[in-house]
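Notes to accompany the following structure.
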Amino acid sequence: MLASKYRLKKKINFARIEIDGKLIQSKSFGMGIYDRNDDDPSHFGFIISTKISKKAVIRNRIKRIMSEVVRINLDKIKKGLDVLFLIKHPAVKTTKLELEKEIYEIQQYLS
């Protein structure tokens with residue numbers, strides 16, 4: 001699980017990513033990135049709608065997988081970023097390994 005100091009918490013931070021951040025699309029998720037230009041640790045948020053899956057078990061599984069991949073790669077991610085993962089419907093049908101591979105492919109934007 002991603003430590004509390006690495007999580008996006010306030011609604012204003014989510015809104016700032018939406019307004020001022022850049023959006024990168026992948027098959028299973030979109031990734032909004034906002035560069036705060038500071039030396040604080042990067043913060044991450046995960047959004048998955050009930051339209052993607054009505055079952056909380058599935059939504060939470062996907063968030064746990066993505067959170068774990070981010071946690072493992074924290075040392076490779078640049079400091080001072082706010083990153084928001086917007087999960088899409090194809091993520092429900094993909095495996096853990098496929099999600100990890102997609103995050104690794106898009107990781108160049110986080111370095």
Side-chain angles (χ1 to χ4, degrees):
M1 188 163 153
L2 200 57
S4 179
K5 70 178 181 177
Y6 297 114
R7 289 191 222 143
L8 273 176
K9 295 181 183 135
K10 297 183 180 176
K11 204 173 197 177
I12 192 163
N13 293 331
F14 284 84
R16 183 174 53 202
I17 293 171
E18 182 180 349
I19 294 167
D20 297 328
K22 66 178 182 177
L23 185 64
I24 296 130
Q25 294 292 337
S26 175
K27 185 180 96 178
S28 299
F29 58 87
M31 186 171 66
I33 302 171
Y34 176 76
D35 193 351
R36 297 187 316 262
N37 294 319
D38 60 18
D39 287 332
D40 291 339
S42 292
H43 300 127
F44 302 89
F46 304 91
I47 294 178
I48 182 166
S49 170
T50 54
K51 291 179 184 178
I52 304 299
S53 175
K54 299 289 184 201
K55 297 181 180 181
V57 173
I58 294 171
R59 295 192 310 268
N60 291 337
R61 177 187 152 271
I62 294 168
K63 286 193 281 188
R64 278 194 311 271
I65 290 169
M66 297 193 76
S67 173
E68 183 65 14
V69 173
V70 168
R71 186 189 66 79
I72 290 170
N73 293 294
L74 278 173
D75 58 335
K76 299 173 190 166
I77 297 172
K78 182 175 114 174
K79 290 186 177 187
L81 296 177
D82 284 342
V83 181
L84 181 61
F85 289 93
L86 306 161
I87 314 301
K88 297 179 185 177
H89 188 70
V92 174
K93 295 178 178 140
T94 59
T95 65
K96 179 180 178 182
L97 291 174
E98 290 171 345
L99 280 174
E100 286 178 9
K101 184 178 174 186
E102 255 185 90
I103 293 173
Y104 289 136
E105 289 172 358
I106 210 162
Q107 191 176 15
Q108 65 184 349
Y109 298 102
L110 301 176
S111 302

>> Nearest 0.5 angstrom please: Phe44 CZ to Met31 CE, how far?
In response: 9.0 Å

> When hydrophobic residues are tied together by side-chain contacts of less than 4.5 Å, even through go-betweens, does Ile47 share a cluster with Leu99?
Replying inline: no

> Aromatic ring centroids of Phe85 and Phe46 under 6.0 Å?
Replying inline: yes

>> side chain to side chain contact (heavy atoms under 4.5 Å, CB included), that's the test. Do Leu23 and Leu86 meet it? Break it down for me.
In response: CA-CA 10 Å; Leu23 185 64; Leu86 306 161; 4.0 Å; yes

> When you look at Glu68 and Arg71, which way does the salt bridge (charged side-chain N to carboxylate O under 4.0 Å, His left out) test go after all the steps?
Replying inline: CA-CA 5 Å; Glu68 183 65 14; Arg71 186 189 66 79; 2.5 Å; yes

> Are side-chain N/O atoms of Lys10 and Asn13 paired as donor and acceptor at under 3.5 Å?
Replying inline: no

> Taking atom CG of Leu2 and atom NE2 of His43, what is their separation to the nearest 0.5 Å?
Replying inline: 10.0 Å

>> Distance check, rounded to the nearest 0.5 Å: Ile48 atom CD1 versus His89 atom NE2?
In response: 10.0 Å

> Would you say Leu74 and Ile72 are hydrophobically clustered, going by side-chain heavy atoms of ILVMFWY under 4.5 Å?
Replying inline: no

>> Donor-acceptor check, side chain of Arg59 to backbone of Ser49, threshold 3.5 angstrom: yes or no?
In response: no

> Within the distance-only criterion (no hydrogens, no angle test), does the side chain of Glu102 pair as donor or acceptor with the backbone N or O of Ser28 below 3.5 angstrom?
Replying inline: yes

> Taking Lys27 for the side chain and Lys88 for the main chain, is one N or O donor matched with an acceptor at less than 3.5 Å?
Replying inline: no

>> With a sphere of 6.0 Å drawn around CG of Asp38, does it hold more than 12 non-hydrogen atoms of other residues, nucleotides or ligands?
In response: yes

> When you look at Glu18 and Leu84, which way does the side chain to side chain contact (heavy atoms under 4.5 Å, CB included) test go after all the steps?
Replying inline: CA-CA 9 Å; Glu18 182 180 349; Leu84 181 61; over 6 Å; no

> Ile17 and Leu8: side chain to side chain contact (heavy atoms under 4.5 Å, CB included), yes or no, with the steps?
Replying inline: CA-CA 11 Å; Ile17 293 171; Leu8 273 176; 3.4 Å; yes

> Do Tyr34 and Ile106 belong to the same hydrophobic cluster, where Ile, Leu, Val, Met, Phe, Trp and Tyr are linked whenever their side-chain heavy atoms lie under 4.5 Å apart, directly or via other members?
Replying inline: no

> Are Ile103 and Val92 in one and the same hydrophobic cluster, where Ile, Leu, Val, Met, Phe, Trp and Tyr link if side-chain heavy atoms are under 4.5 Å apart?
Replying inline: yes

> salt bridge (charged side-chain N to carboxylate O under 4.0 Å, His left out) with Asp82: which of Lys9, Lys22, Arg36, Arg7?
Replying inline: Arg36

>> Let me check something: do Ile24 and Phe14 share a hydrophobic cluster, defined by ILVMFWY side-chain heavy atoms less than 4.5 Å apart, either directly or through other members?
In response: no

>> Distance check, rounded to the nearest 0.5 Å: Asn37 atom CG versus Leu81 atom CG?
In response: 9.0 Å

> If you round to the nearest 0.5 Å, how far is OG of Ser53 from CZ of Arg61?
Replying inline: 10.0 Å

> With a 4.5 Å limit on heavy-atom distance, are the side chains of Ile87 and Met66 in contact?
Replying inline: yes

> Taking it one step at a time, do Phe29 and Thr94 satisfy side chain to side chain contact (heavy atoms under 4.5 Å, CB included)?
Replying inline: CA-CA 11 Å; Phe29 58 87; Thr94 59; over 6 Å; no

